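Just below is one structure, and these are the notes that go with it.
Every number for a ligand or one of its atoms is a count from 1 in the order of the listing. No experiment lies behind these values; they were computed from the predicted model shown.
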Amino acid sequence: MTVSVVPSQSVSLPQLEIAGGRRLSGEVRVSGAKNSALVLMAACLLTDDALRLRNVPPLTDIAAMGDILAALGVTVRRGDDSIDLQADRLNQTSAPYDLVNSLRASFFCIGPLLARTGIARVPLPGGCQIGTRPVVEHVKGLKALGAQVTIEHGVVSAVVPGRGHRLRGGHIHLDCPSVGATETLMMAAALADGETVITNAAQEPEVTDLARLLIAMGARIRGAGTPSITIVGVSRLHGADNAVIPDRIEAGTFLLAAAITRSTLRVAPLVPEHLGAVLTKLEQAGCRLDSDGLGMTIRADRIQAVDLRTQPFPGFPTDLQAPFMSLLATAEGNSVITENIFENRLQHVAELQRMGASIRMQGNIAFIEGVHRLSGAPVQGSDLRASAAMVVAGLAADGITTVQGLSYLDRGYADFEGKLNSIGASIRRTGG
Ligand code: UD1
């Protein structure tokens, strides 16, 4: 007797059902950058005046950040693709644990709260699926700006001593170029007394976007986008109206969706400089890329193996490592992917193996032997980008792939299946 064990999936859990093997075509629109919008929202805490952000993506993480700001007393009004924020009646300097716990990025509030009010209490964000994610650099930097910081019972309490409770400029050298620490410290230093220099700063486009907003609010900042950022503190910042940059990770995911289905697709808006390392790897893999100023057209036919290592910007972004692995699982030849940023960010390997990928792991390195075709299977996304990787793999797989773990996906991709269906995919959301 043969007994077959088929993984069962509860029909009530939300999932995407992807009928693979279809070519994509046409043009897909990229939303505003989640990671940029989240930090720009926190910047509203720096001023009494109204802040309007445009090109804000409709994502659950954005709604969660709005809830956290509202709990601090910020007036939050959501429009179609804009958000209006006004922190003229802050009534709290403590962020609520439940809300912070649901969104790591809410730790951003500590910098501007401290700079504006001289006191801030924010629960220590927990680890997450991809790794421990410490905030040592953020805390070290705030201390260098004159704050007294204690961590007790899971809460980071920061206070600026002295009359006036104003942070003072200082020199901060980051031991690692943390994106969150650079952004937190830029916001804190914007209202500090005197000059702050951050060295070994993160150079990600989201850091530059924050600097652009802060400058529009009256801050004096030089060097954002380089490893050394100088901020001359001002006593007051004012309101601004600013558009969020396009999401480079969403754009990269669509390029990979086109590549894995061997399609021709235009992805816009897309800033090529934000995706330099990814575009280089796609070209090395055999894709043709043509930039037209606003967008990028990708033409993919045969895909060759390539090796890549994740690194801080301008290196290859960790957030596109998982979907790039889906592509390489179907490439001709053997590829090696090394994950250098987060210690637990290769959980999608096991799921890709369930779809027929041939991948061997050794620590933080994945050795991928390309296969002719992946086969559809029930799979689970273990974090935001791993979920996207599963969808990308499902687009090219034989038969039906069902992807669970959509709460992750909805945190970072606006109407992912709607956008993919509009360019020829066949994806259905069921359950939930
Ligand atoms: C941001 C992005 C996230 C992206 C990551 C790396 C947001 C909301 N999230 O996260 O999507 O994957 O950048 O590009 O913008 N580290 C320390 N000590 C610290 C802080 C960080 O060792 O005090 C290490 C981390 O463990 C990790 C690396 O630095 O290995 C990068 O972390 P960081 O740049 O801080 O990432 P986030 O800002 O949390």
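For ligand 1 and Val135, the ligand atoms under 4.0 Å from any heavy atom of the residue are 23 (O). Every atom of ligand 1 is numbered from 1 in the order shown, and the set under 4.0 Å from a heavy atom of Gly180 is 35 (O), 38 (O). Atoms of ligand 1 found under 4.0 Å from any heavy atom of Arg104, numbered from 1 in the order shown, are 39 (O). Ligand 1 places these atoms under 4.0 Å from at least one heavy atom of Val136: 23 (O). Within ligand 1, counting atoms from 1 as listed, the ones closer than 4.0 Å to a heavy atom of Arg345 are 12 (O). Contact atoms of ligand 1 toward Asp319: 3 (C), 4 (C), 11 (O), 12 (O) (distance under 4.0 Å to a heavy atom of the residue).
In terms of N/O distances under 3.5 Å, ligand 1 is not approached by Ala105. Any N or O atom pair closer than 3.5 Å counts here, and Glu137 shares at least one such pair with ligand 1. Geometrically, ligand 1 and Thr318 share no nitrogen or oxygen pair separated by less than 3.5 Å.
The backbone and the side chain of Val179 each have at least one atom closer than 4.0 Å to an atom of ligand 1 (non-hydrogen atoms only). If you look at Arg385 next to ligand 1, there are no close heavy atoms at all, none under 4.0 Å.
Under a 4.0 angstrom heavy-atom cut-off, Ala202 registers as lying outside contact with ligand 1.
Side-chain contact annotation: Glu17 with Thr402, donor-acceptor N/O pair under 3.5 Å absent. Between the side chains of Thr226 and Gln203, no donor N or O sits under 3.5 Å from an acceptor N or O.
In terms of heavy atoms, Leu85 sits closest to Cys44 at CB-CB, 3.7 Å. Between Glu137 and Leu174, the shortest heavy-atom contact is OE1-CA, 3.5 Å. Counting all heavy atoms, side chain and backbone alike, Leu99 lies closest to Ala71 at CD1-CB, 4.1 Å. The nearest pair of heavy atoms linking Phe254 to Leu265 is O-CD2, 3.8 Å.
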For residues 208-220, run the donor-acceptor check on the side chains, cut-off 3.5 Å, and write out each pair with its distance to 0.1 Å, sequence neighbours left out.
residue	atom	partner	partner atom	Å
Asp209	OD1	Arg212	NE	3.2
Asp209	OD1	Arg212	NH2	2.4
Asp209	OD2	Ser36	OG	2.5
Asp209	OD2	Ile245	N	3.3
Arg212	NH2	Ala243	O	2.9

So Asp241 and Arg54, salt bridge (Lys or Arg N to Asp or Glu O under 4.0 Å) or not? Walk me through it. CA-CA 8 Å; Asp241 179 335; Arg54 285 172 290 106; 2.7 Å; yes

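Relative to atom 16 (N) of ligand 1, the option among Cys176, Ser178, Ala33 with the closest non-hydrogen atom is Cys176.
We find that Lys34 and Asp61 are joined by a salt bridge, their nearest charged nitrogen and carboxylate oxygen being less than 4.0 Å apart.
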